[in-house]
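Keep in mind that the numbers below use all heavy atoms, side chains included, and drop hydrogens, waters and symmetry copies.
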Amino acid sequence: MKIRSESMTRRTVLCLVGPVLLETLAIARADEPVVTVHKDPNCGCCTSWVGHLKGAGFTVRVEETPDLDLVRTRLGVPVDLVACHTAEVSGYVIEGHVPALAIRRLLSERPKARGLAVPGMPVGSPGMEGGKPQPYTVVLFGPEGSRSFMRFNGTRPIEG
């Protein structure tokens with residue numbers, strides 16, 4: 001008969017510490033903002049953009065709707081900035097294929113604005129991969145108008 005040592009085994013440590021680690025991770029995730037994405041149920045590029053956000057560590061909740069114009073009107077998205085899908089995060093509106101990096105910067109700096117937009121559907125933007133990426137501008141918009149917030153080529157930021 002084998003007598004077990006009183007030293008802790010790896011399994012014992014995991015059984016004791018595991019629940020504490022899981023609770024700590026759950027609390028940390030609770031502090032992360034949830035991105036609510038409003039999208040057409042049949043839109044593949046919107047689904048790809050959701051995957052981009054999840055891959056960047058965002059928690060994403062998807063609300064499928066065939067009437068995005070109603071959502072955009074409620075959230076105050078200017079007609080000239082309309083794109084493919086509309087999202088909400090921490091009091092901001094995100095319109096179109098905005099890279100996660102720009103959203104992180106927005107949430108870090110917290111400018112006085114309504115949100116960010118990438119008008120249209122630029123090739124190479126998150127969710128629009130395939131083909132040669134085009135340079136495009138992420139626009140900051142709000143009550144005081146619109147201005148360039150960041151520039152990208154694909155998902156890479158560029159100067160200017």
Taking the side chain as every heavy atom from C-beta outward, state whether Leu140 and Leu106 have any pair of such atoms under 4.5 Å apart. yes
When every non-hydrogen atom of Ala100 is compared with those of Ala56, the smallest separation belongs to CB-CB, 3.4 Å
Smallest heavy-atom separation, Glu95 atom then Ala83 atom, equals OE2-N, 2.8 Å
Requested in this report: Kindly work out whether a path of hydrophobic side-chain contacts (I/L/V/M/F/W/Y, heavy atoms less than 4.5 Å apart) joins Leu101 to Val139.
Outcome: no
(Q) Using the rule that Ile, Leu, Val, Met, Phe, Trp and Tyr join whenever any side-chain heavy atoms are under 4.5 Å apart, tell me whether Val138 and Ile94 fall into a single cluster. (A) yes
Rounded to the nearest 0.5 angstrom, the OG1-CG distance for Thr73 and Asp67 is 8.5 Å
For Val118 and His97, the nearest pair of non-hydrogen atoms, with its separation, is CG2-O, 3.8 Å
- Within a strict 4.5 Å, meaning less than it, do heavy atoms of the Leu53 and Ile103 side chains meet? yes
A side-chain contact here means heavy atoms from C-beta on lying under 4.5 Å apart; do Thr65 and Val71 qualify? yes
Note: Phe141 and Ser146 closest approach over all heavy atoms is CB-OG, 3.6 Å
Within 6.0 angstrom of Glu144 CD, more than 12 heavy atoms from elsewhere: no
Exercise. Between the main-chain N or O of Thr36 and the side-chain N or O of Glu88, is there a donor-acceptor pair closer than 3.5 Å?
Worked result: no
Is there a donor-acceptor pair closer than 3.5 Å between any side-chain N or O of Arg105 and the backbone N or O of Met150? no
- Task: Output yes when a side-chain donor or acceptor of Trp49 lies under 3.5 Å from a complementary backbone atom of Val98, and no otherwise.
- Result: yes
For Val89 and Pro33 the tightest heavy-atom approach is CG2-CB, 3.6 Å
- Message: Check this for me: Arg156, atom CZ, are more than 12 non-hydrogen atoms of other residues, nucleotides or ligands nearer than 6.0 Å?
- Response: no
Assess whether a salt bridge exists between Lys54 and Glu32, defined as any Lys/Arg side-chain N lying under 4.0 Å from an Asp/Glu carboxylate O.
no
Quick one: are Arg110 and Ser90 in side-chain contact, heavy atoms under 4.5 Å? yes
Here the gap from Tyr92 atom OH to Arg114 atom CZ, rounded to the nearest 0.5 Å, amounts to 12.0 Å
Would a hydrophobic clustering, with Ile, Leu, Val, Met, Phe, Trp and Tyr connected at side-chain separations under 4.5 Å, put Leu75 with Phe149?
-> no
Is the shortest side-chain heavy-atom distance between Lys132 and Val123 below 4.5 Å? no
Closest non-hydrogen atoms of Pro119 and Pro122, given as atom of the first, atom of the second and distance, are O-CD, 3.9 Å
Separation between OG1 (Thr137) and CD1 (Ile158), nearest 0.5 Å, reads 7.5 Å
Rounded to the nearest 0.5 angstrom, the OH-CE distance for Tyr136 and Met128 is 11.0 Å
The residue among Arg72, His38, Arg74 that forms side chain to side chain donor-acceptor pair (under 3.5 Å) with Thr86 is Arg72
Between the CG atom in Leu68 and the CG atom in Asp40, the distance rounded to the nearest 0.5 Å is 6.5 Å
Distance col, row Cys46:SG vs Met121:CE, nearest 0.5 angstrom, shows 7.0 Å
Main chain of Gly96, side chain of His85: is a donor-acceptor contact present, judged purely on distance under 3.5 Å? yes
Do Arg104 and Phe58 form a cation-pi contact, if we require the NZ or CZ to be under 6.0 Å from the six-membered ring centre and within 45 degrees of the ring's axis?
yes
